[in-house]
Enquirer: 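Dropping a structure here in structure tokens format, bear with me for questions.
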Amino acid sequence: SLFLTAGYIQACRGLMIAAVCLGFFGAIFGLVGMKCTKVGGSDQTKAKIACLAGLIFILSGLCSMTSCSLYANRITSEFFDPSFVAQKYELGAALFIGWAGASLCIIGGSIFCFSIAENSNSPRRGYAYNGATSVMSSRTKVHNSVPDKTPPKHFDKNAYV
């Protein structure tokens with residue numbers, strides 16, 4: 001039983017180390033693949049690098065999720081086994097944090113992949129500024145706090161140049 005215990009703990013450690021290393025490289029590829037950085041080449045190349053970063057994040061999350069689930073399965077199987085006489089453990093906060101972090105990595109990687117695919121298919125739309133329809137500054141409001149019967153003045157964009 002001691003050999004099996006050491007084996008699954010080593011597997012969990014290896015999966016967590018792999019998840020951390022994959023997350024590091026995913027972050028590096030993600031930084032290179034962003035449109036706001038100067039490195040990485042053209043937009044198509046950056047999109048491919050960003051998609052690779054998303055896939056690496058998903059793989060990192062799967063490694064972490066597998067490790068936490070393997071450890072939790074072992075804890076629950078030992079906890080409910082009546083013939084197990086050694087010290088029994090319960091699911092702790094570290095496992096829940098691991099599951100949450102793995103879920104965030106998987107969700108973030110998926111969003112990374114889908115956002116790049118969305119941006120490459122549709123061209124960017126520009127928004128035109130139409131200007132304000134009426135302008136009343138705070139100074140005008142303070143001086144006109146006494147109600148008089150004059151209507152507010154309307155200025156167009158040429159009044160400011």
Side-chain angles (χ1 to χ4, degrees), residues 1-138 141 157:
S1 175
L2 183 61
F3 179 72
L4 291 176
T5 304
Y8 93 92
I9 288 178
Q10 291 299 326
C12 290
R13 285 179 185 164
L15 283 169
M16 283 306 234
I17 289 171
V20 168
C21 292
L22 285 170
F24 174 75
F25 287 116
I28 297 297
F29 284 132
L31 287 173
V32 171
M34 288 183 177
K35 286 186 176 183
C36 61
T37 58
K38 300 282 186 196
V39 295
S42 67
D43 282 346
Q44 279 188 330
T45 307
K46 284 181 174 269
K48 290 177 184 176
I49 292 172
C51 189
L52 177 66
L55 292 174
I56 291 174
F57 276 129
I58 291 170
L59 190 60
S60 170
L62 289 175
C63 284
S64 180
M65 184 76 72
T66 304
S67 174
C68 291
S69 298
L70 179 65
Y71 196 79
N73 182 30
R74 184 64 180 217
I75 288 174
T76 54
S77 64
E78 287 177 356
F79 187 80
F80 291 114
D81 185 12
S83 63
F84 187 75
V85 292
Q87 183 172 354
K88 296 182 178 184
Y89 295 101
E90 295 180 4
L91 300 180
L95 280 175
F96 295 112
I97 291 172
W99 279 323
S103 300
L104 288 175
C105 272
I106 292 170
I107 292 169
S110 301
I111 290 172
F112 220 137
C113 288
F114 289 132
S115 70
I116 297 303
E118 176 188 326
N119 286 344
S120 64
N121 291 341
S122 62
R124 288 187 127 183
R125 266 191 304 177
Y127 294 101
Y129 175 68
N130 294 330
T133 56
S134 70
V135 176
M136 180 179 280
S137 67
S138 60
K141 288 181 185 175
K157 62 184 176 184

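Numbers for residues simply follow the sequence, beginning at 1. What you see below is based on every heavy atom in this structure, not just the backbone, and it leaves out hydrogens, waters and symmetry mates.
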Enquirer: Is a side-chain donor or acceptor of S103 paired with a backbone partner of W99 at a separation under 3.5 angstrom?
Expert: yes
Enquirer: Please answer whether the main-chain N or O of I106 pairs with a side-chain N or O of S110 as donor and acceptor at a distance below 3.5 Å.
Expert: yes
Enquirer: Nearest 0.5 angstrom please: C12 SG to Q10 CD, how far?
Expert: 9.5 Å
Enquirer: Looking only at non-hydrogen atoms, find the nearest pair between C68 and L95 and report the distance.
Expert: O-CD2, 3.5 Å
Enquirer: Taking all non-hydrogen atoms of both residues into account, name the closest pair between A50 and G33 and its distance.
Expert: CB-O, 3.8 Å
Enquirer: Mind checking the CG-CD1 spacing from L104 to I97? Nearest 0.5 Å is all I need.
Expert: 11.5 Å
Enquirer: Which distance, rounded to the nearest 0.5 Å, do you find between the OH of Y71 and the CD1 of I9?
Expert: 5.5 Å
Enquirer: Could you walk me through whether M16 and S64 pass side-chain contact (heavy atoms from CB on, under 4.5 Å), step by step?
Expert: CA-CA 6 Å; M16 283 306 234; S64 180; 3.8 Å; yes
Enquirer: Out of curiosity, F80 CZ to I75 CD1, how far, rounded to the nearest 0.5 Å?
Expert: 11.5 Å
Enquirer: Of the non-hydrogen atoms in F29 and I49, which two are nearest, and what is the gap between them?
Expert: O-CG2, 3.3 Å
Enquirer: Check for a donor-acceptor pair, side chain of T37 on one end and backbone N or O of L31 on the other, with a separation under 3.5 Å.
Expert: yes
Enquirer: Any idea which heavy atoms bring A102 and G61 closest together, and the distance?
Expert: CB-O, 3.4 Å
Enquirer: With distance as the sole test, does K46 use its side chain to make a donor-acceptor pair with the main-chain N or O of V39 at under 3.5 Å?
Expert: yes
Enquirer: With distance as the sole test, does S77 use its side chain to make a donor-acceptor pair with the main-chain N or O of R74 at under 3.5 Å?
Expert: yes
Enquirer: Nearest 0.5 Å, please: how far is CG in N73 from CD in E78?
Expert: 10.0 Å
Enquirer: Does F96 CZ have over 12 foreign heavy atoms under 6.0 Å away?
Expert: yes
Enquirer: Write down the atom of I56, the atom of L22, and the distance for their closest heavy-atom approach.
Expert: CG2-O, 3.0 Å
Enquirer: Determine yes or no for a side-chain-to-main-chain donor-acceptor pair under 3.5 angstrom, with T66 supplying the side chain and L62 the backbone.
Expert: yes
Enquirer: Taking all non-hydrogen atoms of both residues, which atom of C105 and which atom of S60 are closest, and how far apart?
Expert: SG-OG, 4.4 Å
